[in-house]
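Each remark here refers to the structure printed beneath this line.
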Amino acid sequence: MHTIMVLAGGLLLLAACVLLGYWRHAIGLAALCFIPLWFMVAAVNMWVGVTKAGYSFMQEVPFFLLVFLPLAAAALLIWHRTKAV
């Protein structure tokens with residue numbers, strides 16, 4: 001359930017970045033800026049799982065990838081679709 005909530009929060013963050021990019025006429029750039037921001041959020045989520053929840057690093061890596069990669073791929077897709085030809 002926690003993973004789904006983190007993914008939902010990431011989706012909202014991506015939507016906020018794209019909306020900000022829409023207002024500034026730079027949707028692709030906003031989507032690219034989302035990726036390092038989301039990496040940091042996913043890394044903090046992993047750190048909390050290791051230090052506070054008691055999971056090992058190796059137990060948390062698959063969840064980190066499950067949280068980070070789909071939204072990073074979505075951001076790259078948005079960037080690819082909006083970049084100038």
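Note that these values count all heavy atoms, side chains included, but never hydrogens, waters or copies made by symmetry.
Closest non-hydrogen pair, Ala42 versus Val67, comes out as CB-CG1, 4.1 Å. Closest of all the heavy-atom pairs between Pro36 and Cys33 is CD-O, 3.4 Å. Nearest approach of Ala74 to Leu14, heavy atoms of both residues: CB-CD2, 4.1 Å. Of all heavy-atom pairs spanning Phe34 and Leu71, the tightest one is CE2-O, 3.7 Å. Taking each heavy atom of Gly21 and Ala30 in turn, the nearest pair found is CA-CB, 3.6 Å.
A chain of hydrophobic side-chain contacts below 4.5 Å, direct or via other Ile, Leu, Val, Met, Phe, Trp or Tyr residues, connects Tyr22 to Ile78. Hydrophobic clustering (ILVMFWY, side-chain heavy atoms < 4.5 Å, transitive): Phe39 and Leu7 are in one cluster. Leu12 and Val41 are assigned to two separate hydrophobic clusters, defined by single-linkage of ILVMFWY side chains at heavy-atom distances under 4.5 Å. Tracing side-chain contacts under 4.5 Å through hydrophobic residues (I, L, V, M, F, W, Y), one never reaches Met5 starting from Met40; they form parts of separate clusters. The hydrophobic clustering, which links ILVMFWY residues whose side-chain heavy atoms are closer than 4.5 Å, places Leu13 and Leu66 apart.
Applying the 6.0 Å contact sphere to CZ of Phe63 captures no more than 12 heavy atoms from other residues, nucleotides or ligands.
Here the SG atom belonging to Cys17 is positioned 6.0 Å from the CG atom belonging to Leu37, to the nearest 0.5 angstrom.
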Mind running side-chain contact (heavy atoms from CB on, under 4.5 Å) on Val61 and Met46 for me, showing each step along the way? CA-CA 8 Å; Val61 168; Met46 184 171 133; 4.3 Å; yes
Test Ile35 against Phe68 for side-chain contact (heavy atoms from CB on, under 4.5 Å), laying out the working first. CA-CA 9 Å; Ile35 295 173; Phe68 175 70; 4.1 Å; yes
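Scanning for side chain to side chain donor-acceptor pair (under 3.5 Å) contacts around Thr51 gives an empty result, with sequence neighbours left out.
Counting only residues at least two apart or on different chains, the side-chain hydrogen bond (donor to acceptor under 3.5 Å, both in side chains) pairs with a member in residues 28-48 are His2-Asn45.
Formation of a donor-acceptor pair under 3.5 Å by the Glu60 side chain with backbone atoms of Phe57 is not found in this model.
In this structure the side chain of Leu76 reaches within 4.5 angstrom of the side chain of Leu32, judged on heavy atoms.
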